[in-house]
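These notes are about the structure you will find just below.
Chain A is the first sequence line, chain B the second, and so forth, proteins listed ahead of strands; every chain is numbered from 1. Just so you know, these numbers use all the heavy atoms, side chains as well, and skip hydrogens, waters and symmetry mates. These numbers come from a predicted model, not from an experiment.
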Amino acid sequence: MTQTTPSLPSNSNASSLSKVRVFVRRRSKRPKTTSLALQQHDLQPPTRDDHYKRSSFPEIEDFAYSGANAITQSSKSEMGLDVTLVESEAASTRPTGELPAHWERVLEGIRRMRCSAEAPVDTMGCEKAGDTLPPKERRFAVLVSSLLSSQTKDHVTHGAIQRLLENGLLTPDAINNADEETIKKMLYPVGFYTRKATNLKKIANICLTKYDGDIPSTIEQLLLLPGIGPKMAHLVMNVGWNNVQGICVDTHVHRICNRLGWVSRPGTKQKTRTPEETREALQRWLPKEEWVPINPLLVGFGQTICTPLRPRCGECGISDLCPSAFKEASNSSPSSKPKKSGPNKKR
DNA sequence: TTCCGGAACC
DNA sequence: GGTTCGGGAA
């Protein structure tokens, strides 16, 4: 059925079809002005209802998002850090209301902080590898990188990808024929490399038998792959297919959006409990042109300032706009963390 | 010892 | 929702 063809949702209406399939219309750097954002909004009248409609049904929208080419560009351009004027112009004409207060100022403030300091994250994680490969092989490289990158430092992932590449093991066919022990050695010391080696063999086989050696092109199909969950599925769609179906929400995006009060459980003011809940809540209001850059932006912010434990609110340029500022660091028990019993138990 | 750019299984 | 899977760096 729709297995090997790029996403063409069966429920898409006629008006959206014209926009589907505009993959990689431009691989060049994001414009240095707001033109992209403004152009996208010009596609349809920027009314409030319309905005919500688009956000609620992202699957029938398919902008060719030039910012998704994380493969060839530096991280700063990915996050729009070289964009001096980002949202303010477009936002000034945009209705407020259910949008979080001052969200543009918050985003701008985070961009500024990220400009002035380096963070461990350098791209959307892992998918630089393969940027010189033909499209089909590059997509597979992106998929494999995503699989390996979970719970793994970026440079470690990159090393494993390099080893696979140098040994000709970065194609579905090669991996399918390779010994699992061999794969395992190539992956080490990637996190959970044993499980990932097993999953990688299965994934290669699925790509060969069901997708003609390519990777799945829809979120639903990607989620059927072992080891690929929501976070990585959206990453692969964004980067592999340049097809923004949803926001790639990891633990940093999840944590920070809740601290900022940007998301909540539907109909309540409670924090979201899972990254998936955060993704759905965030997609309800965040303009689509921010869906891709929000990830590297908040990941870097989360690694350097808005850390899980003891966030550095004193160094944060938007603490005056953050409802959670100075609420976690100052009080509560600094040393004793309840957590679980852990490996502490002696025999 | 603690802390991780998740996902699967219980 | 709680655990487990790995290893490395702080």
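Closest approach to the L309(A) side chain among dC4(B), dA7(B), dC3(B) is made by dC3(B) (side chain taken as heavy atoms from C-beta onward).
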**Request:** Give the intermediate values and the outcome of salt bridge (charged side-chain N to carboxylate O under 4.0 Å, His left out) for residues E180(A) and K184(A).
**Result:** CA-CA 6 Å; E180(A) 189 167 317; K184(A) 224 159 118 180; over 6 Å; no
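Of the P atoms belonging to dG6(C) and dC10(B), the separation is 16 Å, rounded to the nearest Å. If you take atom P in dA10(C) and the same atom in dG5(B), they sit 13 Å apart, rounded to whole Å. Annotation: dG8(C) and dA8(B) have their P atoms spaced 24 Å apart (nearest Å).
Rounded to whole Å, atom P of dC5(C) lies 18 Å from atom CG of L147(A). Atom pair Q303(A):CD and dC4(B):C1' shows a separation of 10 Å (rounding to whole Å applied). For K153(A) and dA9(C), the NZ to C1' distance is 7 Å, given to the nearest whole Å. Distance CD1 (I228(A)) to C1' (dC9(B)): 17 Å, rounded to an integer number of Å. When rounded to the nearest whole Å, the span between CG of L298(A) and P of dG5(B) equals 14 Å. We find that CD1 of I256(A) is positioned 11 Å from C1' of dG5(B), with the value rounded to whole Å. In this entry the distance linking NZ of K184(A) with C1' of dG7(C) reads 14 Å, nearest Å. Taking atom CZ of residue R310(A) and atom C1' of nucleotide dT2(B), one finds them 10 Å apart after rounding to whole Å.
Note on P275(A): nothing from the nucleic acid sits closer than 4.0 angstrom, heavy atoms only.
A 4.5 Å side-chain heavy-atom check between P275(A) and K231(A) finds every atom pair outside the cut-off. Residues R139(A) and D214(A) form a side-chain contact, since some pair of their non-hydrogen atoms from C-beta on lies under 4.5 Å apart. With contacts defined as side-chain heavy-atom distances shorter than 4.5 Å, the pair L260(A)/L321(A) does not qualify. Considering only heavy atoms from C-beta on, S150(A) comes within 4.5 Å of K196(A) through its side chain.
Heavy-atom distances to DNA chain B give each of G227(A) and T152(A) a nearest nucleotide, and the one nearer the 5′ end belongs to T152(A). Taking for each of P226(A) and R255(A) the nucleotide of DNA chain B with the nearest heavy atom, the 5'-most of the two is the partner of R255(A).
N243(A) and N238(A) are not linked by any side-chain donor-acceptor pair at a separation below 3.5 angstrom, with hydrogens and angles left out of the test. Using modelled atom types and a 3.5 Å distance limit, the side chains of T218(A) and Q221(A) yield a donor-acceptor pair.
OP1 or OP2 of dA7(B) has not a single side-chain nitrogen or oxygen of K231(A) nearer than 4.0 Å.
Within residues 185-207 of chain A, the residues that place at least one heavy atom under 4.0 Å from DNA chain C are, in residue-number order, Y188(A), P189(A), G191(A), F192(A), Y193(A), T194(A), R195(A).
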